[in-house]
Structures are given as structure tokens and as C-alpha cells.
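To keep things clear, I will list the structure first and then write my remarks on it.
If you're wondering where the values come from, they're calculated on a predicted model, not measured in any experiment. All chains are named by letter (A, B, ...) in the order of the sequence lines, taking the proteins before the strands, and each is independently numbered beginning at 1.
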6 protein chains.
Amino acid sequence: MPRPDGRLATQLRPVKMERGVAKYAEGSCLISIGDTRVLCTASIEDKVPPFLKGQGKGWVTAEYSMLPRATLTRTPRDASSGKPNGRTVEIQRLIGRSLRSVVDDHLLGERTIWIDCDVLQADGGTRTASITGAFVALVESVVWLKRKGLIKTLPFNEWVSAVSVGVVAGEERLDLAYAEDSAAAVDMNVVMTDTSRYIEVQGTAEGAPFDRNRLNRLLDLALEGTRELISIQREVLKGLI
Amino acid sequence: MPRPDGRLATQLRPVKMERGVAKYAEGSCLISIGDTRVLCTASIEDKVPPFLKGQGKGWVTAEYSMLPRATLTRTPRDASSGKPNGRTVEIQRLIGRSLRSVVDDHLLGERTIWIDCDVLQADGGTRTASITGAFVALVESVVWLKRKGLIKTLPFNEWVSAVSVGVVAGEERLDLAYAEDSAAAVDMNVVMTDTSRYIEVQGTAEGAPFDRNRLNRLLDLALEGTRELISIQREVLKGLI
Amino acid sequence: MPRPDGRLATQLRPVKMERGVAKYAEGSCLISIGDTRVLCTASIEDKVPPFLKGQGKGWVTAEYSMLPRATLTRTPRDASSGKPNGRTVEIQRLIGRSLRSVVDDHLLGERTIWIDCDVLQADGGTRTASITGAFVALVESVVWLKRKGLIKTLPFNEWVSAVSVGVVAGEERLDLAYAEDSAAAVDMNVVMTDTSRYIEVQGTAEGAPFDRNRLNRLLDLALEGTRELISIQREVLKGLI
Amino acid sequence: MPRPDGRLATQLRPVKMERGVAKYAEGSCLISIGDTRVLCTASIEDKVPPFLKGQGKGWVTAEYSMLPRATLTRTPRDASSGKPNGRTVEIQRLIGRSLRSVVDDHLLGERTIWIDCDVLQADGGTRTASITGAFVALVESVVWLKRKGLIKTLPFNEWVSAVSVGVVAGEERLDLAYAEDSAAAVDMNVVMTDTSRYIEVQGTAEGAPFDRNRLNRLLDLALEGTRELISIQREVLKGLI
Amino acid sequence: MPRPDGRLATQLRPVKMERGVAKYAEGSCLISIGDTRVLCTASIEDKVPPFLKGQGKGWVTAEYSMLPRATLTRTPRDASSGKPNGRTVEIQRLIGRSLRSVVDDHLLGERTIWIDCDVLQADGGTRTASITGAFVALVESVVWLKRKGLIKTLPFNEWVSAVSVGVVAGEERLDLAYAEDSAAAVDMNVVMTDTSRYIEVQGTAEGAPFDRNRLNRLLDLALEGTRELISIQREVLKGLI
Amino acid sequence: MPRPDGRLATQLRPVKMERGVAKYAEGSCLISIGDTRVLCTASIEDKVPPFLKGQGKGWVTAEYSMLPRATLTRTPRDASSGKPNGRTVEIQRLIGRSLRSVVDDHLLGERTIWIDCDVLQADGGTRTASITGAFVALVESVVWLKRKGLIKTLPFNEWVSAVSVGVVAGEERLDLAYAEDSAAAVDMNVVMTDTSRYIEVQGTAEGAPFDRNRLNRLLDLALEGTRELISIQREVLKGLI
């Protein structure tokens, strides 16, 4: 069974990242992967949460949201129900964790970087697109800090990107679009560095459990995908760092 | 004292409206007025609120939100505080009311049109830009209904646009940007039809009260502004209706 | 079509204001306009909100609420839904803004005046009655401050009252009762000073949009109405200031 | 040590009940006991909560609230915190229980009586005043039902009133005002019928525990107080039933 | 009509208290009374609520909760509704008040004791079991304070236990299980000290009001019950104090 | 560096599971793993969420909570903040997903199984202990259904258990206790079946990213751990199925 858009199982959808798209933000990136489109901004705040005060260390935190009509049918806003729903909470914790794992909090100094990932259009893979785009926005914002003379060294030591992989129609596939994602037997999100190491591996059997061979093939695909995304990030950030 | 961007007191900022920008929505418009940028979508739902059930009439309702970094400094999301704040509530009620006043609810049939106005970037006049852009999205969505054969007649009888006017440095001015808005002595939002009639007039003395002559001059400016906006709406919707 | 209570189109309902009705409050006024009855209190607090701290300026803020059975049928309390509803928020922002626009915040000093407007019975025009009664309560409270020697000068420079006007059965009318209000084609609230200047003008087309001539005639009526209300305020405050 | 207002230990404060004070409510009573003033309304609704549906039985429920400036210093509204506070919840449950215990729910039929007790001014004993006034409002509302022909028999079989008693300065006293209440070693609320039977007895040691003799003397006082209140209720309802 | 479990009207169900059951808490007690089982913990915190700051006095506060399946059918958690329900609030206020009335807050010093009563299984009498078990946990926690040298004297002057009594099938009975409780005509909770004095008496007519003789017989039963519970508390705390 | 409790890197803490511990629940299991203790109950409800209605399929959902003093220092209840926090949400979604993946929803019929996991004491690994214990409770509850004749076949096709693994002091270790967990460089939770297949793999770099060799060794450890847990589950359920 071929993929809906005719891609190979090992192929990403068309990827585009544009940085500097938000006039007021210290860093920003509009990322599209296929029809998925996420606006990521990075905002610098000159203080840290109470639990970090006075330790000379910074903090990175993320919020994630979807516009109500990013989706096939309209989804009510979190604000109407009075709280972010479970899925939103899970995703924003993942984004924050992923970025913090490569940021050197001492080099950042007592500052918070707020990452906002707002999904303008959702066609699968919004959480991994958010991480990949957020990394670009974060880099822009720390370059801003450095150019202002507020930090001396760029406070990150590896590059981060993320991709989804899964099993559809019995086949391991890279970068699932929504139609595939909702039919997947296994759904996995992998966050990796440019040194081919793992920041986060989250694999879920949606239908039947899966075995170790399958897991290994999915991890192979994810490695290919994140490598390609990192090379695009390098392209879009060229000249800046 | 000249205007920050050198405009005449009677001049709008550059206006751009683009329709059909949201893949899944029945109607959409991305409107820019200067640096203010709002994504407006119209979503058709095949039911009405309980208070209208069984009356053969439709409903139009609006939600308004700003991305956290639409603003100069980051604004926390409404969802974190558990409820839309007062300003948000005021604005979304205004947008809904404005559109309902030109929609023929019997022609619409028992359907709800959800208007979502999400401010991507905010440089003053976001509520009036939202109304102006929302009208374009609404028109797209009812054309969609008609093309599907779900309605026979386009269910609106006048065109709607909105503009802000105000008094800055003692002078009446059209279409205030944020820097002017926050320094304004009088702040007025006017929603008008293509027949030069009023849907809503909201004028507020921010500093000293203002007299009737001033009110009249502000209403004159608003008339000019909304006329120009309606001619742009006609341009962008040409061919569609 | 005559008015339900036989009034002229240009006539207010019977108005009564009684001050000093709340034993513990620094200022209070029970205002009745026809069957609408609002208890307004002014409470002095010796601090200001965080955003004003240390600037030597005061603050005026308002809260508005209706008793559940102020209305024809019982309305659930805001507290049961966990938040003030949209209409409540809109009204209390309007009351606060209206009073702040005539209060000299430096003369007031670093204090907050909390205005509470609790509608005991609602027969239309509760927001304008609230503003008119709240002004009396506010004056009582600043006189209390002055008599205590806490301020030297009464910190307001104009008098404020408010009235509703509207179009019913094709006719412009002053001070709509509930039955007229719910049938009105245009509904306008006007807040004015004793120098016949505007603090707030809010006109809404409930049905069809309205033209400029109609707007002008409504503004004429509102001027008559607020003048009469201010003369009653002067009567009830005579001897106090 | 004499009482602040010179009363005997066995004496109530001046009591006044006025019925029919709310234009729209099916029943209402404004009760004053000293400076405590509560507006009680009874609203008839033609349905019952889900757990009673289809059983041919009615329901009585109560809500209690204080105006923000009913108190010596301003108390924030429950709606600002998003929920009724603990004390409010406790009191409204007590009022509801007290009235339900004398109402014959089958005679009432599938209807709910909503009792709203809004404290306009609070000088101690607001919960017992609420119960006493609420009973009058409830009676008015069931008479309204009977006059409309909706019920055949008045659906209550005993009269209800409530009073506070307590120990102040070592002495048992009837009907504590706020100043006494806050200094009381024992605080007790008693809800009784006209047949001298108990609906609710709630006694709390605020300081040291109290012995059985003291409990007995407090119960004696409560009996005197509720008898007197019931005779005033009979007076105000004379002619109605 | 005999009792469901064959007990005498004057008999408690089997009682068991086990202390030191929570590894991390400063004090703890698992109490079973029949099938009712409550885990009570006491946590010491080195600060007091704002209203007590700087007065050299301590505070005792309680929280009460039921596991969802403590009950016959599953009860949704308070957290899903966003707030503790009315019954929960009432009970936790009662537990806190009962313990505070025997604690010497000056001897405790500026500390808070948090009492948590979590009902693992509920078969009637959970609030009285909570108080009885909480007292044991509290004693353990103040002994912990004393052994650490943080206080010199154990800061309580009487022992506290609580029991329910009620009228079932026309008979006064001690310690109602759930089946009896839900059929009771009168339901009373009594909190007493080892000196046979009252901390709290709460009697409610669930059906018809009750007379003074009945009240007296219920108080006699409660005295027997609390005496027996206190002797069990002494047993379990023997060796500790 | 040896483990705090002297275990081998490949060794589980002492494990104990006890079933049938909750009188009212259709299924229950009290699981201890070292000092971690979780009470898991399964409650059968005869309906499904709206999105499943009429499809002849069942649903399994989970809630997770910690008693406030399950932890080293007291943690405020979710109910006080008005919503489950992010971590809670993440965990209860994981538990629900894990159990659903082995339950045959058609065999279950239109019923919901509510799984409640309440942590009585927390010393690391509460989420994996919850899943392991919840599976036992779930099995008990479906056996109850079968014995009642409500289903014909036990509706699950594999056994589920879960374990945490991690990297501490440079070494891969099985089943981290809290002290190790908080010092771990990599933290991974693995949910597996008795056929050695994966239901969920969640690995997170807490400090530096980790490479594929490390991932593989962690997966090896997890396999050993879950095998051992499943053999204990078989033991405790022997005789039941």
C-alpha cells in the first residue's frame, strides 16, 4: 500500500523553515513540514522561576497550542475549558525537556527563554515540528543575547531536531502525515542531536504491541530523518552563527 | 507633531488581505494593517446553541486571542489563568455582534459560523482589523455553503468593516498604531457598513472628556477609513461573489 | 406606539438616590430608576495594585453583580460558573473607566477606591444607573477621606452621570426600561460630565444599522438625561460638599 | 460585663421582617436583626435536579452570599476566586437542609424552590437570620403556587426559625452580635420548629471545651429565641395563610 | 429491628488504630472502625499562614479526601471538578477546628501541622473516624518535635475523639454504619475530650425534627462511645508519651 | 558506586502484590515495590464515553493520584490547585493507554473500566508500579464480569507489566528508587507484554543525550524486569483465571 502522497517510506515531506518572522520576539521560526505549519517564538525574560533563584542558572520552558481551526474540524480553545488539556500538557513538557537537555544553563545566566509553539495548521507531526522549529528560534534568541553583549558564549552544545516514525499498513515509515498517523499501529517520536544521540524516545503501540526488530528499524528511520532536518536547520541558521 | 510613520492624520496604514489561507477552514483571511496581523477563520458547524434550537435560524459567534509573543513583551496565555481576560471577552463579543448585525439568520439556516480571530502580531487596532478580516472569512464560508448547495442565497445584506480613530497630540487621527494608541486622549472604534451606517460606535475618553465637535470630526474620519477598507474587501472577494 | 408606562420619549423614569445607606462603607448610594435598584458602595483601601506601587497615585476599580432574583427569572450566580460572565466583565470595566476619567489620581494618593454595584432589582439601564449611583458613593468616600484629614482636596474635577437611549418602534427614546430595551433596534449608553462632555459613547445596532442623523438625535436625548441626573446628584450631595 | 448594646443576656436584638420586597420573585423577605440585614428570595422553577426526576417530588435548595461591603472591611466576592469559599458552602447547605426538613416534597410536586439569601449588612447571626427570613419567603412562594392553582395544599407542616446562642465573658447569651460573636468561647446555632423540636443543633467550642450543663443552658436560651422569632413570622405572614 | 451486624444499640464496631504507618510523615495513624478505614498523617511545616505570621503561634489545618473507590460505587475525584465539594469542605473544617481546640498554639511555636485524612474505605462515620485517628497522628508528630528538641512541652491539654450517633428505626444507636446512616431519622456527630466536655455537637434531623429527650439520650450514647475510643487511643500511644 | 540498598544493577526491589484488598471495588491490588506502595482499583461502569456510544465496544481509563504525604515532604493536593498537574496527566494517560492496548474492547462490551491508582507511599517508580498493579486489578474485575455471566470470554490477550530503568553513576540499572531516580542521567519507563513485546517505551535524557548502545542495554534490563514482574502477577492471580 503506497503512501497517500506517494512518498517513499524513508522520505520526509517537504520541509521549510523561515526565521525572523516575528517582529517583537528575540527569536522566531515558521516551520512547515508538508501541510503542518508551526510558528515558534523564543522570548527572553530577565528572571527565573522561584526554584532557581540565586543559582546563576537559566531556564527554558515551552508552551504549545493549536489555533482552533488548525484542524480538520474546529477544536475548542483550551481557555474555554479553563485549563490546557492532557495532550497539550504532555507536548509542552516534551518540548521544554528536549531543549533544556542541550542548553548550558550556567552560560545562559539567570534568564528564562519562553518557547511558544503555535500550530497554525496541523497535518500530523506537530510536536516534532515544534521541537525542530523551536530549536531554530532558540538559537536566534541566544545569538540576540550575545550580540547585545549579555552573554559571552552561545549556551548550547548540540543541535536538536525531532521526527515521528511509525508503522502503517505493516510497514515502518518516516514522518507520518495525519491520515497515516491516525491509522498507525505504532507511533514513535524521537528527539535526537547532531551527534546521533537520543534526547527522547517515545514509542507507543496504538494497536498490537511491537517487537524489538520493529523498534530497531524505527530507530534507524528516525536517525535518517533527524539528520536531514538538522542539515536544513544549519542552512537556515547559516550566517547567524 | 507628525505621526511616527509619517502618515497623514487621515491616512490608513498599508492594508493587505489574503483569503483562502487556511487549508481546512470553510473561510479564512489573513489581514495585515501595518504591523498588525490577524488570521481570521470561519468554521461552519451544523448546529446552533440550545437557545436557538428548532427556530430555523443560524448563529454567528466569535473568539479572539493573541499569540503570546504577538506583543512587544510576552503576554501569558488566557489558558494559563483559566479564563479569557476581560479585554478578550469584550473584543470577542464585539466581533460577534458586528457580524450578526448584517447576517440574515433565516437564510443561514440552523448552522453556527464560528469566527476565530488569532492575532499573530499586534501593533494597535487588532479588534478592528479582526472585524474587517472576519467579514472576508465569513463571506468565503457562506459562498462555500452556497456552492455545496446548502443554502440558496448568500445570507448577508451589507458589507462590514471597522477602524479605529483617536485623538493624539490634540489632533484627530485615523487608524492608530500601538505607539499612538497608548498615548491617545480619546480612543474610538467604529464599525460601519457599505451604506455608511453604524453597527457599533465605541468612544472612550482615556484622559479628559471630549466634546461633541471632536466626536463629530472623529466620526468623519472613521467614515473615510471604513470606506477604503470596504473597497479593499471588494477587491479581495472579486470573482468569488 | 406609546411607551409602556406612558412616559414621553424624552422623559426619565422616576429617579431616587439615597446616600449613607451602608453602615460600614466609606461611601454608599442606593439608586432607583423606575424599578431598577442598585446598591453602590465605595470602599477605601490603603494600597494600590502592583503596577502603580510607589508612584504616589491612586486607583479606582469597580465590580458589578446582580442578585440572582433581580431578574424576571432567576439567573445563576457568577460564582457557580467559576468566573464573571462576559456581560459582567464588560460592565465593570465600563464603570471603572468612567469614574477614573474624572478622578485626579495624584490628589487621591496611593489608595484604591473599590466601587461595588450590586443590582437588587433589574428593569433595564442597570449599567448606567450603576455609574450614576457609584459617582455619589465615590464622592461620599472622598469626603470621608478629607474629613479624616487624609487628603486635602477632593480629587475629582467633574461630575459624572450616565443614561441609556435607544430606538424603539422607530422612535428615539430616553432611559429604556427592560421591556423596551429588549425590543430596541439601537441601544446606546452615554456617560457624560456636568460640562456636557463625553466620557464614553457606546452605541450598538441590535437589528439594522443606523445612520448619522439617528445617532445625532440619540446624543441630544442623552445630553438631556444626564443633565437631569446630575442635578439630582447635586441635590442628594448638597451639604456634603 | 454587660452586653455592648445593653441588652439582657436573654434578649434578642430588634427584629423586623418585611415580605413581598422583590418585584419579580415568587416569595421574598427582607429581615433585619439589629444591624444584620438579609434579603431572602424564593424562586419557583418547574423542574427538579436529575437525581429526583420522575419521582413526583420537589426540591428546596439555597444559596447564600454576602455583598462585598456587608462587612466592616471589604470582602472579595466568591466569583473572583472562582468558587464559593468553605464558610459559604457550609451555610448554604445548612439553610437548604433546614427548610427541606419541614417541606412535604410530594405536596410540592416536581418543582424546585431556589432560596437566595443575600446579606446586605452583616453584624453577626447572618446564617440564622437567613433561615428565619428564608422561611417567610418560602411560605410566600408556596402560597403563590396555591393561588395559581398549581398545588392544592401548602406543602409544609411546621414553622422554622433559627437563632444563635453563645458564651461570652463566661455568660450564656442569646443572639450574638458580631463583636460578641468574635469573642465567644462557645458558639451555637439552633434551628427549631414551632413544636419546640430540633432541626439542627451546631455547637462549637471556640476556646476551651464546654460541659453538659452549659450545653443545657444554651439550649434553653435558643428555645426562647426561636419562639419569639416564630411569633414575629406569624405576624408578618398573617392574612396570607 | 436489630442492627445489620447484630450489635447492641450501645456498641461500637470493632476499632483498630495503628500508628507509624507512613514512612515519611512526622505522625500517622491508620484507623479502622468496622469497614471504615482512614489513613491519617500529620506533617510539620516550619511556617504559618500569613494571618498568623510573627505572633509566635502555631496552626493546625486539615484536609479530607476519599479515594474514588472507597465507596460502594465510584465517586469522581474532587480534582476533576476543580474544587473540593461542599461535603469535603465541611468535613475538613470540622477536623481542623476539633484539633485546634485542644492544641496550645503558643507551645507549638510558629509551625503548621497539616493533617491529611484519606479515606481508603468508607462504611459510615468517616468524619468521626478521621478526627479520632488524626488526634493520634497529631500526638505522634508533636512527640517527634519534642524528641528533636524543637519544643519543650507537648502542646495539647486534652485528648480528642469523635463518634456518630443517630436514630434508626425509632431507636437511638451508637456508631452508625453506612446502611444505618442512610436510613437515620437523626444524625449526630459529637467530638469530645477525655474530660467529658464538648468540642463540637452537630445534630441534624434528616426526616422529622426531634425533641429534647431524644437529644439527651443521643448525648449519653456519644459520651460512652468517645470514652471507649479514648481508651483505645491511650493504648496505641502508650510508651510514646 | 554501589546502589544505596546494596542491590545488583540488574535486581528489582522486593515486590509484593495483594489482590482483593478493596471491599467495594470489582477488582483491586495493593502493590509494593520497595517502599513504593500503590493501591489500584478497577471499577466497572455500565456505560461508555459519548464518542464510543452504540459501537458495542468498551473503554478503559485511568486516574492517578498521590496522597499528599506519600512523599518526603508534603505535596499539595491537585484539588487545591483546581486541576491535575502536568505530571499527573501524563501518568494517567500512560496507564490508560497501556491497559487499553491489551484489552479486547469488543469482548468487554459497552462498559468502562475505571482504573484508580492512588500512591500511598512514593519511593520512585510509581507510574510503572501503578501499571503493574493496575493490570492485576483489571484482571480481577473482568473475572468478576465473567462470573456474573456478563461476558463470556476474558477480554485481554496478553499480560502487562512495567518497569523503570536508568543510568546512574554511569551504570545502567533496573528499577530505580527515588534517590537514584533523581540522580539519573537517563530515565526510561518500559511497558511490556508476556510475549516480550513493547507497549510503550519512554526514554529521556535528563542530563546529556545517550547513544544507541546505552539504549540497547537499558532495553535488555527492562526485559528482565518485566519478565520477573509478570511471573509475580501470575502467582497472585493463580486460581482466579
Side-chain angles (χ1 to χ4, degrees), chain A residues 61-64 78 81-94 96-98 100-102 104-105 157-160 167 185-216 218-220 222-223 226, chain F residues 61-64 78 81-94 96-98 100-102 104-105 157-160 167 185-216 218-220 222-223 226:
Chain A
T61 187
E63 296 197 355
Y64 166 96
D78 279 350
S81 75
K83 58 188 170 195
N85 68 33
R87 182 183 168 275
T88 297
V89 167
E90 235 178 70
I91 294 177
Q92 57 198 18
R93 283 161 61 90
L94 171 63
R97 247 179 4 241
S98 295
R100 281 195 298 275
S101 80
V102 297
D104 182 318
D105 50 6
N157 26 55
E158 302 197 54
W159 291 60
V160 180
V167 176
V186 179
D187 185 16
M188 183 173 296
N189 294 293
V190 182
V191 187
M192 295 192 79
T193 66
D194 56 329
T195 59
S196 302
R197 295 192 295 163
Y198 299 101
I199 289 173
E200 189 101 15
V201 175
Q202 292 196 342
T204 303
E206 300 290 347
F210 55 100
D211 66 19
R212 187 128 173 203
N213 288 334
R214 180 142 270 173
L215 175 60
N216 281 326
L218 289 168
L219 292 169
D220 293 343
L223 178 60
T226 52
Chain F
T61 187
E63 296 197 356
Y64 167 97
D78 279 349
S81 75
K83 58 186 168 196
N85 68 33
R87 183 182 167 276
T88 296
V89 167
E90 233 178 72
I91 294 176
Q92 58 198 19
R93 284 162 60 89
L94 172 62
R97 244 175 11 236
S98 296
R100 280 194 299 276
S101 80
V102 297
D104 181 318
D105 48 7
N157 26 54
E158 302 197 55
W159 292 59
V160 179
V167 176
V186 179
D187 185 16
M188 183 173 295
N189 293 294
V190 182
V191 187
M192 296 192 79
T193 66
D194 56 330
T195 58
S196 302
R197 295 193 294 163
Y198 299 100
I199 289 173
E200 188 102 15
V201 175
Q202 292 195 341
T204 302
E206 300 289 348
F210 55 98
D211 65 20
R212 188 129 174 202
N213 288 334
R214 180 143 269 172
L215 175 60
N216 280 326
L218 289 168
L219 291 169
D220 293 342
L223 178 59
T226 53

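- Neither the backbone nor the side chain of A:Asn157 comes within less than 4.5 Å of any heavy atom of chain F.
- At a threshold of 4.5 Å between non-hydrogen side-chain atoms, the residues F:Arg197 and A:Leu215 do not count as touching.
- Per-residue heavy-atom pair counts under 4.5 Å with chain A were compared for F:Asn216, F:Thr88, F:Asn189, and the maximum is reached by F:Asn216.
- Atoms CZ and CZ, on A:Arg93 and F:Arg87 in that order, are 8.0 Å from each other to the nearest 0.5 Å.
- The residue among A:Gly203, A:Gly86, A:Ala208 with the most heavy atom pairs within less than 4.5 Å of chain F is A:Gly203.
- Taken to the nearest 0.5 Å, the CG atom of A:Leu94 stands 8.0 Å off from the OG1 atom of F:Thr204.
- Atom CG in F:Asp187 sits 9.0 Å away from atom CZ in A:Arg97 (nearest 0.5 Å).
- Interatomic distance, F:Glu90 CD to A:Glu90 CD, rounded to the nearest 0.5 Å: 5.5 Å.
- Here the straight-line distance linking atom CG of A:Asp211 with atom OH of F:Tyr198 works out to 8.5 Å at 0.5 Å rounding.
- If you tally non-hydrogen atom pairs under 4.5 Å between each of F:Leu223, F:Ile199, F:Val89 and chain A, the highest count goes to F:Ile199.
- Proximity to chain F involves both the backbone and the side chain of A:Ser101, based on heavy atoms less than 4.5 angstrom apart.
- Separating the CD atom in A:Glu200 from the CD atom in F:Gln202 is a distance of 7.0 Å, to the nearest 0.5 Å.
- For A:Glu158, the part lying near chain F is the side chain, with the backbone staying farther off; criterion is any non-hydrogen pair under 4.5 Å.
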